Amino acid sequence: ELLRIDHVGIAVPDLDEAIRFYAENLGLRCVHQETNDEQGVREAMLAVGDGTGPKLQLLAPLRPDSAIAKFLGRSGPGLQQLAYTVADVEKASDALRAKGLRLLYDTPRRGTAGSRINFVHPKDAGGVLVELVEPA
Ligand code: CMX
């Protein structure tokens, strides 16, 4: 069901500052930026090496009541999620529900670059917020 690791998401207070930090210190290139109003984030995708592997996603809060703002308030900046690529997010979600895991959404929502996404609750995944990504 899971095809590969799509990206690792890191919560940051300031997106532009974080993009600069990763460029200057680790040489990562920003290859995509967008605002996702529904998710309450400004986000950036950073390529590692030749860019064919998993990406690093930087997530900054748009609003104080957003998931990322809550995460930053509780845990501070750091790893927030691990995302897997799937071919069919509804199928993958159903398969995990059938195993008794709680999915956050009844139906997929819009993720980065028109992808369709859902999440496994971190309490049902060993303390890791797991995202399922069906690319556009
Ligand atoms: N990773 C691991 N554990 C997490 C977590 C995370 N990212 N977020 C919350 N938790 C833990 C909390 O620490 C808490 O643990 P304790 O009960 O032991 O204290 C528990 O989960 C429940 O916390 P909560 O306060 O009830 O839940 P929140 O209101 O913080 O919501 C979650 C948590 C996962 C439901 C919420 O963050 C969410 O809806 N996430 C999905 C959407 C999202 O993350 N969007 C931003 C990214 C957008 C994108 O990727 O495109």
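Model, not experiment: these values are computed from the prediction. In each ligand, atom 1 is the first atom listed, and ligand 1 is the first ligand listed.
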At what distance, to the nearest 0.5 angstrom, does [atom1] of [X] lie from [atom2] of [Y]?
X: Leu3; Y: Glu134; atom1: CG; atom2: CD; answer: 10.0 Å
X: Ser93; Y: Leu101; atom1: OG; atom2: CG; answer: 10.5 Å
X: Leu62; Y: Glu43; atom1: CG; atom2: CD; answer: 10.0 Å
X: Glu131; Y: His7; atom1: CD; atom2: NE2; answer: 4.0 Å

- Message: Any heavy atom of Gly127 closer to ligand 1 than 4.0 angstrom?
- Response: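 Yes, that is the case, since the closest heavy atom of the residue is under 4.0 Å from the ligand.
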
**Study point:** Heavy-atom gap Asn36 to ligand 1 smaller than 4.0 Å
**Key:**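 No; Asn36 lies far enough from ligand 1 that no heavy-atom distance drops under 4.0 Å.
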
In the protein, what heavy atom is nearest to [atom], and what distance, to one decimal place, separates them?
atom: atom 5 (C) of ligand 1; answer: Pro122 CG, 3.9 Å
atom: atom 32 (C) of ligand 1; answer: Leu104 CD1, 4.5 Å
atom: atom 29 (O) of ligand 1; answer: Lys70 NZ, 2.9 Å
atom: atom 37 (O) of ligand 1; answer: Ala67 CB, 3.5 Å

With atoms numbered from 1 as shown, which atoms in ligand 1 lie under 4.0 angstrom from a non-hydrogen atom of [X]?
X: Gln81; value: 47 (C), 49 (C), 50 (O)
X: Tyr105; value: 42 (C)
X: Lys123; value: 14 (C), 15 (O), 16 (P), 17 (O), 18 (O), 20 (C), 21 (O)

Among Arg102, Arg74, Glu131, Gln80, which one puts a heavy atom closest to atom 44 (O) of ligand 1?
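Of the listed residues, Gln80 has the closest heavy atom.
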
Geometry only, no angles: is Gln39 polar-contacting ligand 1 at N/O separations under 3.5 Å?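 There is such a contact, yes.
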
Give the minimum heavy-atom separation between Pro13 and Ala60, together with the two atoms involved.
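The answer is O-CB, 4.2 Å.
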
Do you know which two heavy atoms are closest between Arg29 and Asp50, and how far apart they sit?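 Scanning both residues, the minimum pair turns out to be NH2-C, 4.1 Å.
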
With Tyr84 via ring pair (Phe, Tyr, Trp, His ring centres under 6.0 Å) - residues at least two apart
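Listed in chain order: nothing, the list is empty.
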
Next item on the list: Quick one: list whatever passes side chain to side chain donor-acceptor pair (under 3.5 Å) with Thr107, sequence neighbours left out.
Entry: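 None.
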
*Heavy-atom distance from atom 21 (O) of ligand 1 to the protein below 4.0 Å?*
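Answer yes: something from the protein, a heavy atom, is under 4.0 Å.
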
